[in-house]
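For reference, positions follow the sequence shown, starting with 1. The figures here come from the full heavy-atom set of this structure, side chains too, leaving out hydrogens, waters and symmetry mates.
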Amino acid sequence: QPVMMVIAVGETSGGAALGRCLGLRLPVGDGAIEIVFSAWQWPDLARSAGPGRAVALTLVHPSTDRTYQLKGRIEAVWEADAQEMALADD
């Protein structure tokens, strides 16, 4: 079932940069969730996302309004390759 995924990253100004996620990969071993978003669509989010920054991932099932939010710190940021971009198509 599809869910809406929104990411928020804390900014140094005290606000937050927001964006919609295109896909994600759940942890295998280390507990890190890999999140894919478009830096072109969400440039403020791309500028704000960096190691050590506070992050919140909100997952919403639109037809039931069931919502989950996960919070933590960003471990690493990189440009997605073709295989990682395929997460957005699933």
Side-chain angles (χ1 to χ4, degrees):
Q1 298 250 356
V3 296
M4 180 176 65
M5 299 177 287
V6 178
I7 183 174
V9 174
E11 295 184 311
T12 56
S13 65
L18 305 171
R20 288 189 65 179
C21 302
L22 299 173
L24 60 82
R25 186 170 20 217
L26 297 176
V28 180
D30 67 357
I33 298 171
E34 295 179 7
I35 300 169
V36 177
F37 69 91
S38 169
W40 176 80
Q41 283 186 300
W42 308 105
D44 291 342
L45 178 59
R47 278 191 294 276
S48 296
R53 303 300 287 275
V55 61
L57 172 65
T58 304
L59 308 161
V60 181
H61 188 270
S63 63
T64 65
D65 287 332
R66 182 173 287 175
T67 304
Y68 297 94
Q69 188 173 64
L70 306 171
K71 297 180 181 182
R73 297 272 172 193
I74 296 174
E75 291 185 13
V77 178
W78 63 92
E79 190 170 328
D81 61 22
Q83 182 180 6
E84 292 165 328
M85 285 303 299
L87 293 171
D89 294 331
D90 291 340

Open item on the list: Side-chain heavy atoms nearer than 4.5 Å, only ILVMFWY residues, links allowed to pass through others: does that put Ile33 and Leu45 together?
Closed with: yes
Task: Closest heavy-atom pair and its distance - Ser48, Glu11 - done: OG-OE2, 3.0 Å
TODO: Give the cluster check for Trp42 versus Val60: same hydrophobic cluster or not, with ILVMFWY residues linked at side-chain heavy-atom distances below 4.5 Å.
DONE: no
TODO: Kindly compute the distance separating CE (Met4) from OG1 (Thr67), expressed to the nearest 0.5 Å.
DONE: 7.5 Å
Open item on the list: Nearest 0.5 angstrom please: Ile7 CD1 to Ile74 CD1, how far?
Closed with: 6.0 Å
- [ ] State plainly whether one hydrophobic cluster holds both Leu24 and Leu70, where clusters connect Ile, Leu, Val, Met, Phe, Trp and Tyr through side-chain heavy atoms under 4.5 angstrom apart.
- [x] yes
Open item on the list: What's the separation between atom NZ in Lys71 and atom CG in Leu57, rounded to the nearest 0.5 Å?
Closed with: 12.0 Å
Open item on the list: So which atom in Ala46 and which in Ala39 form the shortest heavy-atom distance, rounded to 0.1 Å?
Closed with: CB-CB, 3.6 Å
Task: Derivation of the side-chain contact (heavy atoms from CB on, under 4.5 Å) call for Val55 and Glu75 - done: CA-CA 10 Å; Val55 61; Glu75 291 185 13; over 6 Å; no
Task: Spacing of Leu59 atom CG and Gln69 atom CD [to the nearest 0.5 Å] - done: 9.0 Å
Open item on the list: A side-chain contact here means heavy atoms from C-beta on lying under 4.5 Å apart; do Arg47 and Val9 qualify?
Closed with: no
Task: Euclidean distance, Leu18 CG relative to Thr58 OG1, rounded to 0.5 Å - done: 9.0 Å
Open item on the list: Can you give me the closest heavy-atom contact between Pro51 and Ala76, atom names plus distance?
Closed with: CG-CA, 4.4 Å
